[in-house]
Structure formats: structure tokens, C-alpha cells
Amino acid sequence: MSHVRREGNQAHDGAHCARCDAVCCRLTVVLQPEDWIPPHLTTRTEAQLLVMAHDEDGWCVALDGARMNCGIYETRPAVCRRFVMDGPYCNAVRSEYVQERARAIDLTLL
Ligand code: SF4
């Protein structure tokens, strides 16, 4: 979401976009009427909600995978703008992601 490197907020060791796999960009982003997103980056859910499309690995198709930052940062959806780095939701999804990866590694080692 707002995972582009930012100035400031470096005073603690909490979550920071510069040290994250853009985990928030795996979440479902429901587009709002004020969003202006190119149609090829969007899709509809079964319930007909207009959302950001995901690639086969589960990341938003607008993510610049080489830099792990948003390829449409200046015009990113309202939901992405409101996502708070190192906030409760950010930390919750990061924790879940780490646990998922640990489980996958455990299964690989079995
Ligand atoms: S639009 Fe940008 S900030 Fe929002 S989920 Fe996609 S890549 Fe992340």
C-alpha cells in the first residue's frame, strides 16, 4: 500500500515499508468511486465488487516487483492511501504472512 520508502519515522524498529515484502499489497483492495485506476489493473469479485487485480503469486498487479513498491503510487487507491505503516492492521498482516511462510518451510522440511 503506502510502502514506498519514507523519510522520518525511523526512531524505532517497528515495521517499515523499506524492510517489507509489500505484504499489504496482497490484500484485497476494494476500489472507491473516487479512484481512477486503469481497467487492465482491476477485476470484479464474485460479488461484483471492483477491486485491484492480483497476479498468480497473490500480489496486486500494480506492484513493481523489481522495486517492491507501488507502480501507481501517485494515483493509488484511497484504501491504499489510508493504510497506516506500522499500524495495527499492518502488523497483523505482516505477522500472518511470517507465520504462513514459516509453515511452508516446515512442510518443505518434512
Ligand atoms: S495499488 Fe499500489 S499500494 Fe495499492 S495494493 Fe496495489 S501496489 Fe499496493
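Numbering of ligands and ligand atoms starts at 1, following listing order. Computed from a predicted structure; not experimentally measured. Counting from 1, the numbers follow the sequence of the chain as shown.
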Minimum non-hydrogen distance to atom 7 (S) of ligand 1, winning option of Leu63, Thr75, Val29: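 Considering heavy atoms of Leu63, Thr75, Val29, the nearest to atom 7 (S) of ligand 1 sits in Leu63.
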Presence of N, O or S from Cys80 under 2.8 Å of atom 4 (Fe) of ligand 1: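 Of the N, O and S atoms in Cys80, at least one lies under 2.8 Å from atom 4 (Fe) of ligand 1, which means yes.
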Is the NZ or CZ atom of Arg94 positioned over Tyr97's six-membered ring, under 6.0 angstrom from the centre and within 45° of the axis?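 Judged by the rule, Arg94 and Tyr97 form no cation-pi pair.
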Heavy-atom donor-acceptor pair, Arg76 side chain to Tyr73 backbone, under 3.5 Å: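 Yes.
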Given 3.5 Å as the limit, does a donor-acceptor pair link the side chain of Gln32 with the main chain of Val30, or not?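 Indeed, once roles are kept as given, a pair shorter than 3.5 Å links the two residues.
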Report the part of Pro77 in contact with ligand 1, treating N, CA, C, O as backbone and CB onward as side chain, heavy atoms under 4.0 Å; options are side chain, backbone, both, neither.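 The answer is the side chain.
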Regarding Cys60, does it place an N, O or S atom less than 2.8 Å from atom 2 (Fe) of ligand 1?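 Not a single backbone or side-chain N, O or S atom of Cys60 is under 2.8 Å from atom 2 (Fe) of ligand 1.
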Heavy atoms from other residues, nucleotides or ligands near CD of Glu46 exceed 12 (cutoff 6.0 Å):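 Incorrect, the count does not exceed 12.
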